[in-house]
Trainee: 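The structure follows.
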Amino acid sequence: MKEHIIQLLEQTVTILKEQQIIPADAQPRIAVDRTRDKAHGDLATNLAMMMAKPAKKNPRELAQLIIDNLPESDLVNRTEIAGPGFINIFLNQDWLAQQIDIALEDENLSVQKAVTPDNVVVDLSSPNLAKEMHVGHLRSSIIGDSVARTLELLGHNVIRQNHVGDWGTQFGMLLAYMEEKRAEDAEISMQLSDLEVFYRAAKGRFDESEDFATRAREMVVMLQSGDEECNKLWQEFNDVSLAHCHDIYKRLNVKLTRDDVRGESFYNSDLHNVVAELEAQDLLTESNGAKCVFLDEFKNKDGDPLPVIIQKNGGGFLYATTDLAAMRFRQQQLNANRIMYFVDQRQALHFQQVFSVVQKAGFVKPETSLEHLGFGTMNGEDGRPFKTRSGGTVKLVDLLTEAEERAYTLVKAKNPTLTEEELKHIARVVGISSVKYADLSKNRSSDYIFNFDSMLSFEGNTAPYLLYACTRVGSIFNKVDAETVAKLATAKVQLNEDKEQELAGKLIQFNEIVHQVAKRATPNTLCTYLFELAGVFSSFYEACPILSTEDEDVKLSRLKLAQLTAKTLKQGLDLLGIETLERM
Ligand code: ARG
């Protein structure tokens, strides 16, 4: 509620700056406080007194100008000037109370659907199939999934695209190794149970044997020219590798199916067309035998335009070429009007360049929104990219298993009476959600330090804290009889206490937060909100007894506040792809 009033005052400051009443460079830190005496309204601000000097006005006079320019809000009943220039704000508590009743009756908790639904392509996860998924793919998968869920809640049409790396020279090496193993009569599926080991072995053969390397190169060419045997091997390899990925998606509760997979290989046959079209539009320049697009807006350190290589000397295509084809496909075949890429921040230049090329070439419509939503690196305690003790890349499977094991030990120590089955279930949910939440709650574009102890803590902005808050609100309802629950539907919320008002104010912000996440692709905004909501609920619960309250109407009203809190927390966590627990 306070936040809402602060926003209104910020808007007012902007208006007054436009009218040159407040100097344009003023950056007031707007403070809004609760009043001690309700006769002076609910909230008060000293903004007019703070700005009087820079505005060269008498504080009461400026206060009047602020009041005159304050945007209308359902939440504000009236305002008045007090003393030397305070502005007292009287809130419309009836309106606020009504909003709680309305949200509870709405299955979408009053989250407003988008007026014009978008066709959004969400490019997420997109691991390279030659190897196993590593921690870098965690961020793309879960941030992308959370934003996709949010867009869906708002009624947008979301098309998930898992742009897996399933093409390229390293497949020649892998296929040659499969062939060799098959000749030895080895069970291929067994060989592929650990892709890292398989990859390393194939690479070893490639480096040690000239014949093997030649065969590997041959097999790439055969694969590309559609050789049947090669394609069968390749298919087999990808099937196993994709099965590994989908095991992880399932564990992570990430909504991705095999139908969402449209890998690099899919665009292979279209790459020549991409080159031909760029050529026809005179966008290609030959440089050292390679075909390039030179973009004026990207310069190297000597100030010369940077090339985007489209086709190498010798005919080979690149990562960028495939992305151009994919963008064209997403525009023309999938009809996207918004395309979102959840890819490592370190690929920022790549995306700026390909976005620029597709716009120049008219592969996408000018009004289509192309967004690279980069994310930072997950680092270890030493502040460098997260590695195993021996310095290797951390497999995502191993990380998740360790999180579950640690959660098991923790939960068992906290609650020794749980059955083994319950314990396993709770440990799985706590372990996985801790990893996810620790990641989702960080600013997307910053690097962060991965730390099991802090993510599994029951205090602070963590998954265990929020999951526990959920079970706590839920447990109130375990003690309520069916008759009382039935009365909730017709009971009315009333907001007499400060803490009730504060909780109601927080609850009605949910709509705005969800829309922000959809717009800016920032699940961390939602995490902060849920954490604050849990905190506000907790102080409400301390100050305002629910079940022991004598007055039946007050009791029902508070139960309704608790009910909407429970639903909001659950819905919010669901948008993050986090399961909740009945008990823990
Ligand atoms: N496979 C790439 C990687 O692991 C990410 C692909 C992202 N998506 C795209 N359309 N380029 O780094």
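In each ligand, atom 1 is the first atom listed, and ligand 1 is the first ligand listed. For clarity, every value in this text was computed on a predicted model and none was experimentally measured.
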Trainee: In this structure, which one of Y319, F298, F355 forms a ring-ring contact (aromatic ring centres under 6.0 Å, His included) with H350?
Mentor: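 The residue from Y319, F298, F355 that satisfies ring-ring contact (aromatic ring centres under 6.0 Å, His included) with H350 turns out to be Y319.
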Trainee: Check each protein residue for a heavy atom under 4.0 Å from ligand 1 and list those that pass, ordered by chain and number.
Mentor: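 Residue list for ligand 1: D123, S126, N128, H137, H163, Y319, D323, Y341, V343, Q347, F351.
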Trainee: Of D118, N157, T368, N119, which meets side chain to side chain donor-acceptor pair (under 3.5 Å) against N337?
Mentor: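 Passing option: D118.
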Trainee: Partners of S241 by side chain to side chain contact (heavy atoms under 4.5 Å, CB included), sequence neighbours excluded?
Mentor: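 S241 satisfies side chain to side chain contact (heavy atoms under 4.5 Å, CB included) with L129, L195, F237 once adjacent residues are dropped.
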Trainee: Using a 3.5 Å cut-off and no angle test, enumerate the donor-acceptor pairs between side-chain atoms of residues 169-177 and protein atoms at least two apart in sequence or in another chain.
Mentor:
none

Trainee: Pairs under 3.5 angstrom only: tabulate donor-acceptor contacts from the side chains of residues 403-411 to other protein residues two or more places apart or in another chain.
Mentor:
from	atom 1	to	atom 2	distance (Å)
E404	OE2	R251	NH2	3.4
R406	NE	E402	OE2	3.0
R406	NH2	E402	OE2	3.0
Y408	OH	E420	OE1	3.0
Y408	OH	E420	OE2	2.7
T409	OG1	E405	O	3.1

Trainee: Taking NZ in K360 as the centre, count heavy atoms belonging to other residues, nucleotides or ligands within less than 6.0 Å. Is the count above 12?
Mentor: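 Yes - once you tally the heavy atoms of other residues, nucleotides and ligands closer than 6.0 Å, there are more than 12.
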